[in-house]
> 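What follows is a single structure, and I will ask about it in a moment.
Hydrogens, waters and symmetry mates are skipped; everything else that's a heavy atom, side chains included, is used.
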Amino acid sequence: MAEENNVTGTDEVVETAEGAALPADALVVAEDVHKSFGRLEVLKGIDLQVKRGEVMCVIGPSGSGKSTFLRCINHLEKLTAGRLWVNGELMGYRQKRGRLYELRDSEIAAQRSDIGMVFQRFNLFPHLTVLGNVIEAPVQVKRVPRARATERARELLERVGLPDKAHAYPEQLSGGQQQRVAIARALAMEPSLMLFDEPTSALDPELVGEVLDVMRDLAQGGMTMVVVTHEMGFAREVGDSLVFMDDGAVVESGTPSDVLSDPRHERTRAFLSKVL
């Protein structure tokens with residue numbers, strides 16, 4: 001039977017513009033989130049909270065709904081039912097007299113600008129240099145002056161260990177380097193939340209570590225992160241909470257040490273026996 005994330009924080013609540021009472025320390029709140037594609041129900045009522053500064057790792061078999069849930073957080077996928085708040089804002093919708101109305105594209109883009117997302121594939125613009133990729137969104141979306149955006153981009157490239165690649169093109173980089181550029185590009189928007197959708201799954205094994213090192217640094221710096229991953233060592237070391245999903249539902253959640261070392265549900269045990 002599915003259960004909701006039971007990691008608790010403060011009892012203080014804040015009221016949203018729609019009148020919902022949310023935990024004051026929660027950056028992400030998912031309430032009974034459903035998502036269907038035609039007749040296929042992919043998410044079957046997800047209830048989760050991600051606290052500010054928390055690193056939540058999400059694991060589970062392929063097809064369990066992990067990536068779909070991540071895409072729902074920033075409204076890349078529209079919800080079939082339920083509610084999802086980020087930073088106290090109802091994502092993708094406004095509520096009036098109990099009914100939801102989808103926001104305009106420009107309003108959704110403004111909400112997404114506060115959420116960084118790193119995909120399995122790097123999705124860099126091949127015609128732009130590394131520096132060009134990193135400054136594109138701040139300049140075009142946030143209207144940051146190019147000189148200031150460039151200065152910030154160089155700081156971020158230093159942070160991800162690629163200060164000497166500013167004028168290289170994506171095709172000249174390894175997969176691990178491209179993924180680190182993708183992280184720098186997401187950080188350039190100064191998001192309050194970072195989403196990672198299996199960021200190392202497309203990399204050769206020897207390149208995985210350099211990407212995970214950057215993610216560790218972000219976690220140590222207090223970045224709120226939701227990470228869909230198969231890297232159990234990373235989840236155990238860096239994660240504050242661990243969620244196991246299967247068949248569109250949260251089966252088990254808790255601290256990484258509890259879930260990985262002493263899973264309570266048979267489905268969790270069966271999955272971990274194959275990946276640990």
> Is any side-chain heavy atom of D164 closer than 4.5 Å to a side-chain heavy atom of L157?
no
> Do the non-hydrogen side-chain atoms of V42 and F37 ever get within less than 4.5 Å of each other?
yes
> I'd like to check P23 versus V29 (side-chain heavy atoms, cut-off strictly below 4.5 Å). Are they in contact?
yes
> Any idea how Y93 and H75 line up, ring-wise: parallel (<30°), tilted (30 to 60°), or perpendicular (>60°)?
perpendicular
> Measure from NZ or CZ of K66 to the centre of the six-membered ring of F69, then state whether that distance is under 6.0 Å and the direction lies within 45° of the axis.
no
> Flag the pair N87 / L193 as yes when at least one side-chain heavy-atom distance between them is below 4.5 Å, and no otherwise.
no
> Strictly distance-based, threshold 3.5 Å: is any side-chain N or O of R112 a donor or acceptor partner for the main-chain N or O of N74?
yes
> Looking at R216 and E237, is any side-chain nitrogen of the basic one under 4.0 Å from a carboxylate oxygen of the acidic one?
yes
> Could you tell me the separation between the CG atom of N133 and the NE2 atom of H127, rounded to the nearest 0.5 Å?
8.0 Å
> Would you say I115 and M223 are hydrophobically clustered, going by side-chain heavy atoms of ILVMFWY under 4.5 Å?
no
> Answer yes or no: does atom CG of D105 have more than 12 heavy-atom neighbours from other residues, nucleotides or ligands under 6.0 Å?
no
> Given side chains that start at C-beta, do those of P61 and K274 come closer than 4.5 Å, heavy atoms only?
no
> Evaluate whether atom CZ of R121 has more than 12 neighbouring non-hydrogen atoms of other residues, nucleotides or ligands under 6.0 angstrom away.
no
> What distance separates L76 CG from L195 CG, expressed to the nearest 0.5 Å?
9.0 Å
> List the steps, then state whether side chain to side chain contact (heavy atoms under 4.5 Å, CB included) holds for F122 with L173.
CA-CA 11 Å; F122 326 118; L173 305 179; over 6 Å; no
> Salt bridge between K142 and E190, side-chain N to carboxylate O under 4.0 Å?
no
> Who passes salt bridge (charged side-chain N to carboxylate O under 4.0 Å, His left out) against E136, sequence neighbours left out?
none
> Checking S241 against E54: is there a side-chain donor and acceptor pair closer than 3.5 Å?
yes
> List for me each residue that meets side-chain contact (heavy atoms from CB on, under 4.5 Å) alongside R83, sequence neighbours excluded, and say none if there are none.
E31, W85, L90, Q95, L100
> Would you mind checking if R152 and E155 are paired as a salt bridge, meaning a charged N to carboxylate O distance below 4.0 Å?
yes
> Taking atom CD1 of I59 and atom CG of D246, what is their separation to the nearest 0.5 Å?
10.5 Å
> Tell me, with the steps shown, if L218 and I183 meet side chain to side chain contact (heavy atoms under 4.5 Å, CB included).
CA-CA 10 Å; L218 289 179; I183 294 173; 4.1 Å; yes
> Hey, quick one: are M117 and F234 part of the same hydrophobic cluster, counting side-chain heavy atoms closer than 4.5 Å, chains of contacts allowed?
no
> Using 0.5 Å steps for rounding, measure from the CG atom of L162 to the CG atom of L156.
11.0 Å
> Could you walk me through whether E210 and V214 satisfy the side chain to side chain contact (heavy atoms under 4.5 Å, CB included) test, starting with their C-alpha distance in whole Å, then the side-chain angles of each, then the deciding distance to 0.1 Å, before giving a yes or no?
CA-CA 7 Å; E210 62 190 48; V214 173; over 6 Å; no
> For side chain to side chain contact (heavy atoms under 4.5 Å, CB included), just list the numbers for V250 and D47, CA-CA rounded to whole Å, side-chain angles, deciding distance to a tenth of an Å, and then say yes or no.
CA-CA 8 Å; V250 174; D47 293 292; over 6 Å; no
> Around atom CD of Q140, are there more than 12 heavy atoms from other residues, nucleotides or ligands closer than 6.0 Å?
yes
> With the 4.5 Å side-chain cut-off for hydrophobic clustering, are V226 and F119 part of the same group?
yes
> Flag yes if L203 and M232 sit in one hydrophobic cluster, no otherwise; membership is Ile, Leu, Val, Met, Phe, Trp, Tyr, and two members link when side-chain heavy atoms are under 4.5 Å apart.
no
